[in-house]
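Below is one structure; the comments refer to it alone.
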Number of protein chains: 2
Amino acid sequence: MDTADSASASRPQAAARTRKRASRRAPSASMADVARLAGVSSQTVSRVSNGYAGVNEETRRQVLEAMRELGYRPNSAARALKRGEFRTIGVITFGLSTTGNVRTLEAIATSAAHEGYAVTLLPVAVPTQDEVRGAFSRLGELAVDAVIVILEVHLLDAVTLSLPPHIKVVVADSDAGDRYTVVDTDQAGGSRDAVRYLLGLGHETVWHLAGPEESFAAQRRADAWRAELTGAGRPTPPLVRGDWSAESGYRAGLELAEQPDCTAVFAANDQMALGLLRALHERGRYVPDDVSVIGFDDIPEAGSFLPPLTTVHQDFAEVGRRCVEGVLRQMGQDTPEHGTTLVPTRLVVRDSAGAPRAR
Amino acid sequence: MDTADSASASRPQAAARTRKRASRRAPSASMADVARLAGVSSQTVSRVSNGYAGVNEETRRQVLEAMRELGYRPNSAARALKRGEFRTIGVITFGLSTTGNVRTLEAIATSAAHEGYAVTLLPVAVPTQDEVRGAFSRLGELAVDAVIVILEVHLLDAVTLSLPPHIKVVVADSDAGDRYTVVDTDQAGGSRDAVRYLLGLGHETVWHLAGPEESFAAQRRADAWRAELTGAGRPTPPLVRGDWSAESGYRAGLELAEQPDCTAVFAANDQMALGLLRALHERGRYVPDDVSVIGFDDIPEAGSFLPPLTTVHQDFAEVGRRCVEGVLRQMGQDTPEHGTTLVPTRLVVRDSAGAPRAR
DNA sequence: GCCTGTTATGTTTACGTAAACATCTGATGG
DNA sequence: CCATCAGATGTTTACGTAAACATAACAGGC
């Protein structure tokens, strides 16, 4: 950093700012202005503003009237400074590209708003340790009281240190060991239900189209799939991997279509299931007559697939709600929590899975 | 509101807060703490913290060392209060459900971060005037310097008044008349290109599968489609309407498949195009041999459709960038701007459109 | 009629930062 | 050798809010 430069640059900038502020006609009325107009002390204005009792009804009315007249808005910076809290939750996430992340984020924003908290977005450009560490350390000077992390947690490993001590953390949809509070969809339960349902229909075994190796969610779903098969004493077919995309599902589907003994596939998400359906259709293997398919997520389009997709429904809204609940709970206490909350899934039965063709 | 209740409730709360803060071991070192440790005045710490020149190299080193030791982080609330700006941009949006909104938001967050600005999310639960007005008025006490609105603008009509005067606004992907700065995708240009391309392939005319009536984007695309046909002296087939969803595209597709003279369809988004493809395929009308299809958006999956979809690419990232640029520019000046910036589109040619079957 | 308690309000102060202004040191030039 | 000036640093103050503390008016009990 060239400090001389930054200084010479900052001088005119500061001058411009002062000038700008001076020329602004309405520098936002302060409590003092309201107090003056209403003929009371600023403390009384504060009391009215915060809804304290012990203010005479008539006085309150006058203050409210003065506020209205001046268009008074409490200055949140001053409030935050005085109260020592921002009433803001930061959300760290890599990419808003996946449905799950977005919907979780939306639910977080909604329930945070409901609790009087704002949500600040902290996007991480590329999912590397350094980037995440960077986001975490910038956090310290950011106006947030707590953080919700929606990320694959591999990246959280050595990052803890750089976290300002008073900031509370909840990790969504991941596996943060016992370091943080975790809110997650019950990946294992959902996978178990899917596999069990397919076996219950009479399939000898179930193939699995997994998500990418780096993903914890993918790993959990695959593990549960394997465990359930083993538990039921069924053979475990080789695992097929995709990368969550429909395209990868399509490619995997072309392979699976060549396996005559593959009568049931559990896909780790709906998009891959979509590609899979297309590939099977293209290869003349009919769903569900020849092959049964179950997805995961229950994206809005799932019901419009051909055929409508039987899938494991994830309650993203609930995950978001519990994340907010989690950080707010922690803010009320000194010790950070750890432990995992699982949000249950629900198997949505549509038309893509059925009994195997009689043989 | 029961004021008595809110008061009695707030007393113990305040007590708890005090206790909590007192028991916190590290109440975040302040400048004064750093100054004491480094043996300088807090003003010098401030100078170092803000990178001003005119600080002796040795002194600077000591201050930085003290900062490191105490884990000093500037208090953003105090900074915001002093400087009169939050370095935060608010984004008002209804629903993160549509691809476009999400990707625009992501781009906004990224470029804002790049400029040293944070992004605060202001979700509007239901898209009614009242809700939007509510969001706008809450804005006044929210810690933002500017707002980017990603919304259908019907809702913005009578809302202007409630906006705090010093907050700058940019509207994305909408039509805000001349009230605000608008950044939008060149809907008309993209539509024109699509229609022109299809006519150029030899089609007599082009059908249009439009988005919902309330959507400005849908309206613009439909208008441009109509204008281009009229300009070319072609007949204008009846407009078919969907609601952006694949399901609605499927339903529309079933209708269109019945029209023997329908050889080319311009769908207002890729998801409807997807449903359309499925319906046509199901009805034995092959794409592109019997019917050519062009979409709009170029979602990531578009290249994996069956057949890969020729579509109009939207540069959401650029829209986001320009939104941020727009608010930052306005923050440097007193008078709000108005006027529209159009981000160009690009026709991505894949396999879903071709010459009509020779007749 | 005075003490006590309650209700309504005002005054002081501190939160952490940074601009504005003040001071001090040493060097340069006439 | 002193006036001048630049560089480095310290002191004061204000940003808008709200807790803590102070005060005033008045009611009820003895």
Side-chain angles (χ1 to χ4, degrees), chain A residues 3-4 7 10-11 13-19 21-22 27-36 38-63 67 70 72-87 141 143, chain B residues 3-4 7 10-11 13-19 21-22 27-36 38-60 62-63 67 70 72-87 140-141 143:
Chain A
T3 49
S10 63
R11 288 285 159 68
Q13 196 183 327
R17 189 158 52 234
T18 307
R19 178 164 42 68
R21 203 182 316 163
S28 279
S30 75
M31 277 192 163
D33 301 321
V34 174
R36 207 170 304 121
V40 298
S41 74
S42 68
Q43 184 54 38
T44 298
V45 177
S46 171
R47 283 190 265 255
V48 171
S49 173
N50 291 293
Y52 281 84
V55 177
N56 183 286
E57 201 43 56
E58 172 59 14
T59 310
R60 174 192 303 276
R61 213 193 41 70
Q62 283 176 349
V63 171
M67 283 178 173
L70 295 174
Y72 169 77
R73 300 278 164 205
N75 177 313
S76 59
R79 278 202 164 160
L81 174 58
K82 194 68 180 63
R83 304 214 252 233
E85 59 173 18
F86 300 99
R87 299 195 74 78
E141 42 194 298
Chain B
T3 49
S10 64
R11 292 283 158 67
Q13 195 185 325
R17 189 157 52 234
T18 309
R19 177 165 40 68
R21 201 180 318 161
S28 279
S30 74
M31 278 193 163
D33 300 321
V34 175
R36 206 170 305 122
V40 298
S41 75
S42 67
Q43 185 53 40
T44 297
V45 177
S46 171
R47 284 190 264 255
V48 171
S49 173
N50 291 293
Y52 282 82
V55 177
N56 184 286
E57 201 43 58
E58 172 60 14
T59 311
R60 174 192 304 277
Q62 283 177 350
V63 170
M67 283 179 172
L70 295 174
Y72 169 77
R73 301 275 165 206
N75 178 313
S76 58
R79 277 202 164 160
L81 175 60
K82 195 71 180 62
R83 295 184 176 158
E85 61 173 17
F86 300 101
R87 299 195 74 79
E141 43 195 298

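Chain letters run A, B, ... following the sequence lines, proteins first and then strands; every chain starts at 1. Since the model is a prediction, treat every value here as computed from it, not as a measurement.
Comparing C:dT17, D:dA20, D:dT9 by their closest approach to the side chain of A:Gln43 singles out D:dA20. The side chain of B:Asn56 has D:dT9 as its nearest neighbour among D:dT9, C:dA8, C:dG10. The side chain of B:Arg47 lies closest to D:dG10 when the candidates are C:dT17, D:dG10, D:dG16. For B:Ser41, counting side-chain heavy atoms from C-beta on, the closest listed nucleotide (D:dG10, D:dA19, C:dG16) is D:dG10. Of the candidates D:dG10, D:dT17, C:dG16, the closest approach to any side-chain atom of A:Pro74 belongs to D:dT17.
Counting only N and O atoms by type, the side chains of A:Ser49 and A:Arg79 include a donor and acceptor under 3.5 Å apart.
A close approach under 4.0 Å does not occur between any side-chain nitrogen or oxygen of A:Arg83 and OP1 or OP2 of C:dC15. The phosphate of D:dA18 (OP1 or OP2) has a side-chain N or O of A:Asn50 nearer than 4.0 angstrom. An OP1 or OP2 oxygen of C:dA19 is reached within less than 4.0 angstrom by a side-chain nitrogen or oxygen of B:Tyr52.
Using a 4.0 Å heavy-atom distance criterion, B:Val45 is classed as making no nucleic acid contact. Within the 4.0 angstrom heavy-atom criterion, only backbone atoms of the sugar-phosphate kind lie near A:Thr44; the bases stay farther away. Across all strands, A:Thr59 comes closer than 4.0 Å only to sugar-phosphate atoms, never to a base (heavy-atom distances).
Scanning atom types as modelled, no donor and acceptor separated by under 3.5 angstrom connect the side chain of A:Arg73 and the base of D:dG16.
Although no hydrogens or angles enter the test, the distance criterion places a donor-acceptor pair under 3.5 Å between the side chain of A:Asn56 and the main chain of A:Glu58.
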